[in-house]
Amino acid sequence: MDEPTKLDGWKKAGECASADFYSCEAAIRRLNEYLDHELTEADRITVLKHLEFCRPCMSRFTFEQTLVISIRQKISALCVPQNLKEKLHSLLRHDKP
Amino acid sequence: MAELELQPTPGQLFNGQPNTGQPGFGLSSILEEDGPASPPPTNPDLFESEMNPHLDALYRNGLRLTGNANDAEDLLQDTYLRAYRFFYQYQPGTNAKAWLFRIMNTVFLNDYRRKSRQGETVSYDGLEDFFLYNRLTEDGVTGVGGDRSETENPEKAVLEKLDIETIQRAIEALPIEFRDTVALATLEEMSYQEIAETLEIPVGTVRSRLSRGRKLLQRALWEYLNGEETRG
Ligand SMILES: [Zn+2]
């Protein structure tokens, strides 16, 4: 039985993939969460799809990611002085409240 | 070394927010009591195995708070001993890092606040996404990425010139409300949930502070990389 409507031939709502990944703005909005691994899997895929075909964004995102990782690596060399570590270790064994 | 016994002040401020002493937060008693008359004994080996993996990150937090190594060491020691004394309140399996950072922030506000440094006054003009990247790829840019071959690989050019001191100075130059969030996410790789727990702010606030704070950080890095004379 045929029920022609104006939407005949169109996919029903919910069957279509979001076109969000075509937009630079949508990807850039998710930059921080992308860098910090805070995106849901679906959002992460949206960003990755965009980066796949948008060279400017790929270049920008790569820069941001490299920057964060590099800053983190450099700063991790800043650590507790050895003599303080030893002092703390011995204080725990002598400090009685 | 700073006095270990903390005297709470009424209406104490934490991070600009009133300390509501919410249940589950578990720090108010650390300030309000000297501890029970006979606290449960803490096994130092167990304490160390839980806490020591976070000590370097905690020390860096102390450096950012106090701005100098001597005070940072004192603050770390105070924090560590206080955590040890109140270790019986710590729930194994919960976030040890966030717990330690909260103790440090609380101890700092009580004992060291007079030494607290405000970030520089910054202007929010010209805050853009990809601030550093855009500077480094601009045509005819002078300074860090001026070389044409460097603009094809901008990150390489800038990263080679970033050292610990520049990074620390740029972080410390951030307005105080952004400094912690940016540092914890960018330097210490804390999740947004951990940061929210540590700073007692909603996760949404973590997101918005990061969004603006990282742009400010990039601008500060750019300014330090190009020397003080370009500031203003
Ligand atoms: Zn794009």
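Order of the sequence lines sets the chain letters (A, B, ...), proteins ahead of strands, with each chain counted from 1.
- Interface summary for chain A: among B/R207, B/E48, B/E73, the most heavy-atom pairs under 4.5 angstrom belong to B/E48.
- With respect to B/E189 and A/R72, a salt bridge is recorded, a charged nitrogen being found less than 4.0 Å from a carboxylate O.
- With hydrogens and angles disregarded, a donor-acceptor distance shorter than 3.5 Å links the side chain of B/Q218 to the backbone of B/F131.
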Applying side-chain contact (heavy atoms from CB on, under 4.5 Å), run through B/Y192 and A/E33 and close with a yes or a no. CA-CA 9 Å; B/Y192 293 178; A/E33 288 160 299; 3.6 Å; yes

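- For A/L84, the part sitting under 4.5 Å from any heavy atom of chain B is the side chain, from C-beta outward, and nothing else.
- For the 3.5 Å distance criterion, the side chains of B/R214 and B/T186 qualify, holding a donor opposite an acceptor.
- Judged by the 6.0 Å distance and 45° axis criteria, A/R60 is positioned over the aromatic ring of B/F130.
- Neither the backbone nor the side chain of A/I69 has a heavy atom closer than 4.5 Å to any heavy atom of chain B.
- Heavy-atom distances place the side chain of B/L221, and not its backbone, under 4.5 Å from chain A.
- Heavy atoms closer than 4.5 Å to chain A are found nowhere in B/N43, neither backbone nor side chain.
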